Amino acid sequence: MYRSIFPHNPGTDLDPQAAPPRSDAVPDAGPVRVGVIGLRHGARHVRGFEQATHSTVTAVCDLDPRRARETAAQAAPGCLTTSRIDEVLASSAVDAVVVSVPNHDHATVAEQALRAGKHVVVEKPMATTGRDAAALVALADARGLTLAAFHDFRADPAHWAAHELVRSGALGEVYFARTTWTRRDNAPGALHSGSWYLDRSRAGGGVLLDLGTHRIDQVLWMLGFPEVVAVTGAVSRQLLSQRADGGGDVEDTACGTLQLAGGAVVQVETSFLGHVPRAEDVLLELRGSRGGLRVSNVGDSYRAYQLTMFGGRGGIHEQTTFPVLTGAPSLYEDFAAAVRTDSAPLCPGWHAAAVAGVIDRMYAAARAVPAGRP
């Protein structure tokens, strides 16, 4: 039911009105058989697809044989367990592939899977550049295959409820938005010496690509993916540069603005590190002609959120916080349904490509600004 609100995949021009026909689905309408490539983060996707109604995991792949064996125990009986991607892609027992490898390999592995005739869902970011992401969209369209991204905040109950409120017109015309994700320190281990997160050639970027992908996707999704007509961007790596290992070559802080078609303005702020009061501070704020809302994390967790609505007339301020929210979709059920019924997934590939393109533009804007004194 909810899937009908999303435009079809529009192809390489990213035009939401240009919807080519889709042709491929699981022909016998049986469970979608999923292969998961990369299990450091991908193990949770194995659990998700195994718990979903119309999918099962028939292959797992990881360079760590022990991790692959342990994860396979959670999958379907007889699950293919391998360290070779080509074995997963050659398997006739795999209909769709999850790509959960380091960022720089997302586009390459996704392309290989599409060329092998597999439906594909990719961890965010779908690719490290907008050009590579758009190429994946074009390839999936040409092959009649489903391409999706795991932008998992869309399936969070508070964010889902906010999206439905915006769609209902409760806020009126949204003219301003603010989206932030700031951290006092990054999750343990993610920024240690030698981590690929600190290497731009493997990560593709720093905090703007890592956390910013989530936040920019959220606000554009809330507003129906309008055209982004202008951007600004600025980055800093002051705190990472002070670390004993030099902090790699990525930014720890990024901010900027997006000017949307229709006149709305979006402020974006992200940081891995900062002298700030909370370990995790995640916020989405929308202000409209009839009301406003905030989706904010609870305590220091980025897994739990609350939704607050704001309104009022005649100088009377009204505020309502919704402590319990239900009804958000499952990304795993959604992707399986998209493959089985030949319909658009909750986060179609062209959305992820549009976000990647915006981030490219923000990095370009940041490079165009002369650097200040260290």
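Fair warning: this is a prediction, and the values are worked out from it, not measured in the lab. Reckoned from all heavy atoms, side chains included, excluding hydrogens, waters and symmetry mates.
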| task | For H151, check ring pair (Phe, Tyr, Trp, His ring centres under 6.0 Å) against everything at least two apart and list the hits. | result | none
| task | Considering only NZ, NE, NH1 and NH2 on the basic side and carboxylate oxygens on the acidic side, decide whether D217 and R154 come within less than 4.0 Å. | result | yes
| said: In this structure, is the centre-to-centre distance between the rings of W221 and H163 below 6.0 Å? | reply: yes
| message | Any salt bridge linking R183 with E280? Criterion: basic side-chain nitrogen under 4.0 Å from a carboxylate oxygen. | response | yes
| query | Listed by chain and number, what are the side-chain contact (heavy atoms from CB on, under 4.5 Å) partners of A261, not counting sequence neighbours? | reply | E227, V229
| task | Given ring pair (Phe, Tyr, Trp, His ring centres under 6.0 Å), test F225 with W350 step by step and report yes or no. | result | CA-CA 10 Å; F225 264 79; W350 80 267; 5.7 Å; yes
| Stepwise side-chain contact (heavy atoms from CB on, under 4.5 Å) check, L258 with V358 | CA-CA 9 Å; L258 314 181; V358 169; 3.8 Å; yes
| said: Pair V94, K118 - check side-chain contact (heavy atoms from CB on, under 4.5 Å), show working. | reply: CA-CA 8 Å; V94 173; K118 311 300 184 184; 4.2 Å; yes
| request: Given side-chain contact (heavy atoms from CB on, under 4.5 Å), test H104 with W196 step by step and report yes or no. | output: CA-CA 10 Å; H104 73 292; W196 64 261; 5.9 Å; no
| request: Tell me whether L165 is reachable from F310 by hopping between hydrophobic residues (I, L, V, M, F, W, Y) whose side-chain heavy atoms are closer than 4.5 Å. | output: no
| query | Hey, does T146 have a side-chain heavy atom less than 4.5 Å from the side chain of P345? | reply | yes
| request: To the nearest 0.5 Å, tell me how far T179 OG1 sits from I216 CD1. | output: 8.0 Å
| request: Determine, stepwise, if the pair D185 / R243 fulfils salt bridge (charged side-chain N to carboxylate O under 4.0 Å, His left out). | output: CA-CA 12 Å; D185 199 352; R243 293 196 163 192; 3.2 Å; yes
| note | From the list T253, D210, L239, side chain to side chain contact (heavy atoms under 4.5 Å, CB included) with F272 holds only for D210
| query | side-chain contact (heavy atoms from CB on, under 4.5 Å) between V250 and D199: does it pass, once the steps are laid out? | reply | CA-CA 7 Å; V250 300; D199 182 352; over 6 Å; no
| said: Do L208 and M362 have side chains that approach each other closer than 4.5 Å (heavy atoms only, starting at C-beta)? | reply: yes
| note | Contacts of D105 meeting salt bridge (charged side-chain N to carboxylate O under 4.0 Å, His left out) (sequence neighbours excluded), chain-then-number -> none
| Under 3.5 Å, is there a donor-acceptor pair between the T58 and R33 side chains? | no
| Under the side-chain contact (heavy atoms from CB on, under 4.5 Å) test, residues paired with E111 that sit two or more places apart | R115, L136, L139
| Side-chain touch D249/L198, heavy atoms, less than 4.5 angstrom | no
| request: Compare all side-chain heavy atoms of D95 with those of V34 and state whether any distance is below 4.5 angstrom. | output: no
| Quick one: do M222 and Y175 end up in the same hydrophobic cluster if we chain Ile, Leu, Val, Met, Phe, Trp and Tyr together by side-chain heavy atoms under 4.5 Å apart? | no
| request: May I ask you to decide whether R167 forms a salt bridge with E164, counting only side-chain N to carboxylate O separations under 4.0 Å? | output: yes
| said: Going by ring pair (Phe, Tyr, Trp, His ring centres under 6.0 Å), name the residues that satisfy it together with Y332, two or more places apart in sequence or in a different chain. | reply: H45, F49, F150
| Listed once per pair and sorted, the salt bridge (Lys or Arg N to Asp or Glu O under 4.0 Å) pairs that draw on residues 289-298, sequence neighbours left out | E285-R294
| Donor-acceptor contact below 3.5 Å, side chain Q259 vs main chain G263 | yes
| Those residues that, when tested against D281, pass salt bridge (charged side-chain N to carboxylate O under 4.0 Å, His left out) (two or more places apart) | R278
| task | Any chance you could lay out the side-chain hydrogen bond (donor to acceptor under 3.5 Å, both in side chains) test for S271 and T182, step after step, and finish with the verdict? | result | CA-CA 5 Å; S271 71; T182 60; 4.7 Å; no
| message | Under the rule for salt bridge (charged side-chain N to carboxylate O under 4.0 Å, His left out), what residues qualify as partners of E269, not counting sequence neighbours? | response | none
| field | Residue list, side-chain contact (heavy atoms from CB on, under 4.5 Å) with F322, at least two apart or on another chain | value | L307, M309, T320, L325
| task | Look at atom CZ of R44 and say whether more than 12 heavy atoms of other residues, nucleotides or ligands are closer to it than 6.0 Å. | result | yes
| request: Spell out, yes or no, whether L283 and V219 are grouped together once hydrophobic residues are joined by side-chain heavy atoms under 4.5 Å, including indirect joins. | output: no
| task | Taking salt bridge (charged side-chain N to carboxylate O under 4.0 Å, His left out) as the test, write out the residues that go with E173, two or more places apart. | result | none
| note | Sequence neighbours excluded, the answer for side chain to side chain donor-acceptor pair (under 3.5 Å) partners of T257 is T232
| Side chains of S343 and T341, donor plus acceptor under 3.5 Å | yes
| said: As an exercise, state the distance from CG of L286 to CG of L293, rounded to the nearest 0.5 Å. | reply: 4.5 Å
| Once the angle between the rings of W181 and Y302 is folded into 0 to 90°, is it parallel (under 30°), tilted (30 to 60°) or perpendicular (over 60°)? | tilted
| said: Less than 3.5 Å apart, any donor N or O on the side chain of T53 or E333 sitting next to an acceptor on the other? | reply: yes
| query | Between CG of L346 and NE2 of H351, what distance do you get to the nearest 0.5 Å? | reply | 9.0 Å
| said: Between E123 and R40, does any side-chain N to carboxylate O distance fall below 4.0 Å? | reply: no
| query | So do R361 and V228 actually touch side chain to side chain, heavy atoms under 4.5 Å? | reply | yes
| said: Tell me every residue that passes side-chain contact (heavy atoms from CB on, under 4.5 Å) with D64, counting only those two or more places apart in sequence or in another chain. | reply: D62, R66, R67
| Non-hydrogen side-chain atoms of V46 and L39 separated by less than 4.5 Å | yes
| request: Taking the side chain as every heavy atom from C-beta outward, state whether S296 and Y305 have any atom pair closer than 4.5 Å. | output: no
